[in-house]
Amino acid sequence: MPPKKKARVTKRTAKSDKDERESVSTVKAADKTAGHKRKAVSSVETGNNGTSESSGAPQYCHWLMKSEPESRFENGIDVKFGIEDLKALPDQTDCWDGVRNYQARNFMRQMKEGQLAFFYHSNCKDPGIAGIMKIVKEAYVDHTQFDKKDVHYDASSKPENPKWSMVDVQYQRMMKRFLPLSELKKYHLEHRPKGGILKDMALFTRARLSVQPLTAEEFDFILSLEDKEPL
DNA sequence: GCCAACGTTGGC
DNA sequence: GCCAACGTTGGC
């Protein structure tokens, strides 16, 4: 299997379905402290993860997924995986393993074949959106959770009841120009007081989430930046 | 290397 | 079920 995607995840995540549910309520509690910004996100999350109530919440269909393009060693293993690494693989396809955060996992479980995701470079000299990939296989069991040698091994997850999922992604293209975090942030800050398109972008309102949804408007706006001068 | 933000753990 | 302590994320 593929290089370790380092979805920067908390290794020590919790145990059973019960915890899983609690983690959702934790999210809701966090909502209160974080103000209104997360409402849309959490309603969709709880409505669409397949474990909870039916709801008319809109389905997200665009995504942003973070990975680290520069070498970093975790337990002696290099977790580097940038967009160039994806591009270099057979079929330019890989499984997005190693996600160990319930919210991120739940978003992956919502992903449908054919949807597009930005490949975001994190924890590096030049963080930002590097390119676009396509979801080519919907959520299935992340085998690395059972692999003691794997950086993201989770001793608390049992094969009879796997905790973590992954999707397969395929490289589509590089951005016409790299879209740096700093530029996205400028738009976010500009939009926030004016109700602009990036005002609630998860990258800024949910900073540590390694797999996050984008609205169609956010996705299209970011794409439009490719043809603009850097801010 | 620092450290703010925030999710998770575990005592109570 | 609360919440303080702890650990991680990830930009700077």
Side-chain angles (χ1 to χ4, degrees), chain A residues 4-42 44-46 49 51 63-83 96-109 117-130 144-145 150-157 163-165 178-190 192 198-214 222 230-231:
Chain A
K4 269 49 262 270
K5 213 103 335 73
K6 39 254 38 297
R8 239 142 193 330
V9 207
T10 48
K11 203 80 178 287
R12 80 198 43 273
T13 29
K15 341 81 240 170
S16 46
D17 290 333
K18 170 158 149 281
D19 296 303
E20 182 171 344
R21 262 180 263 119
E22 286 170 359
S23 111
V24 171
S25 55
T26 297
V27 169
K28 286 180 176 164
D31 262 355
K32 292 180 199 146
T33 60
H36 67 290
K37 293 189 207 138
R38 292 193 61 273
K39 271 189 209 137
V41 171
S42 58
V44 167
E45 203 172 288
T46 53
N49 63 10
T51 64
W63 310 96
L64 180 149
M65 302 169 84
K66 300 178 181 177
S67 189
E68 303 181 38
E70 295 173 5
S71 285
R72 185 174 63 83
F73 290 85
E74 213 174 295
N75 304 337
I77 298 166
D78 190 357
V79 294
K80 163 185 175 343
F81 189 79
I83 194 165
W96 203 266
D97 61 305
V99 171
R100 298 292 182 270
N101 170 280
Y102 287 116
Q103 295 171 49
R105 181 205 66 179
N106 290 345
F107 283 130
M108 284 202 297
R109 289 181 176 180
F118 287 126
F119 195 123
Y120 179 87
H121 281 173
S122 69
N123 200 27
C124 55
K125 181 165 298 182
D126 203 6
I129 294 173
T144 67
Q145 66 197 299
D150 194 276
V151 188
H152 301 295
Y153 172 66
D154 181 356
S156 74
S157 182
K163 201 176 283 186
W164 305 112
S165 303
F178 182 82
L179 299 177
L181 174 65
S182 58
E183 180 173 345
L184 296 169
K185 191 168 204 168
K186 285 178 193 165
Y187 282 107
H188 168 65
L189 292 175
E190 177 187 320
R192 209 166 46 179
L198 294 193
K199 68 177 184 344
D200 291 326
M201 188 182 180
L203 190 59
F204 305 106
T205 59
R206 317 283 315 279
R208 295 174 53 190
L209 194 55
S210 67
V211 175
Q212 37 183 267
L214 284 84
I222 291 167
L231 196 63

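These numbers come from the heavy atoms of this one structure, side chains and all, not from hydrogens, waters or symmetry mates. First the proteins, then the strands, lettered A, B, ... as listed; each starts at 1. A quick note: this is a predicted structure, and the numbers were derived from the prediction, not measured.
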Nearest-Å distance for atom pair [atom1]/[atom2], residues [X] and [N]:
{"X": "A:Gln212", "N": "B:dG7", "atom1": "CD", "atom2": "P", "value": "12 Å"}
{"X": "A:Arg206", "N": "B:dA4", "atom1": "CZ", "atom2": "C1'", "value": "17 Å"}
{"X": "A:Asp126", "N": "C:dC12", "atom1": "CG", "atom2": "P", "value": "11 Å"}
{"X": "A:His121", "N": "C:dG11", "atom1": "NE2", "atom2": "C1'", "value": "16 Å"}
{"X": "A:Asn123", "N": "C:dC12", "atom1": "CG", "atom2": "P", "value": "12 Å"}
{"X": "A:Leu209", "N": "B:dG7", "atom1": "CG", "atom2": "C1'", "value": "11 Å"}
{"X": "A:Lys186", "N": "C:dG11", "atom1": "NZ", "atom2": "C1'", "value": "15 Å"}
{"X": "A:Leu203", "N": "B:dA5", "atom1": "CG", "atom2": "C1'", "value": "14 Å"}

Among C:dG11, B:dG7, C:dG10, the nucleotide that comes nearest once only the side chain of A:Gln103 is considered: B:dG7
Of the listed nucleotides C:dG10, C:dT8, B:dT8, the one nearest the side chain of A:Arg208: C:dT8
Sugar-phosphate, base or nothing in reach of A:Lys125, heavy atoms under 4.0 Å: nothing
Sugar-phosphate, base or nothing in reach of A:Tyr120, heavy atoms under 4.0 Å: sugar-phosphate
Any A:Lys185 side-chain nitrogen or oxygen under 4.0 Å from OP1 or OP2 of C:dC12: yes
Partners passing side chain to side chain donor-acceptor pair (under 3.5 Å) against A:Gln145 (at least two apart in sequence or in another chain): A:Ser157
Aromatic plane relationship, A:Trp63 with A:Phe107 - under 30° parallel, 30 to 60° tilted, over 60° perpendicular: tilted
Set of residues satisfying ring pair (Phe, Tyr, Trp, His ring centres under 6.0 Å) with respect to A:Phe178, sequence neighbours excluded: none
Check against side-chain hydrogen bond (donor to acceptor under 3.5 Å, both in side chains), A:Thr205 and A:Arg192: CA-CA 11 Å; A:Thr205 59; A:Arg192 209 166 46 179; over 6 Å; no
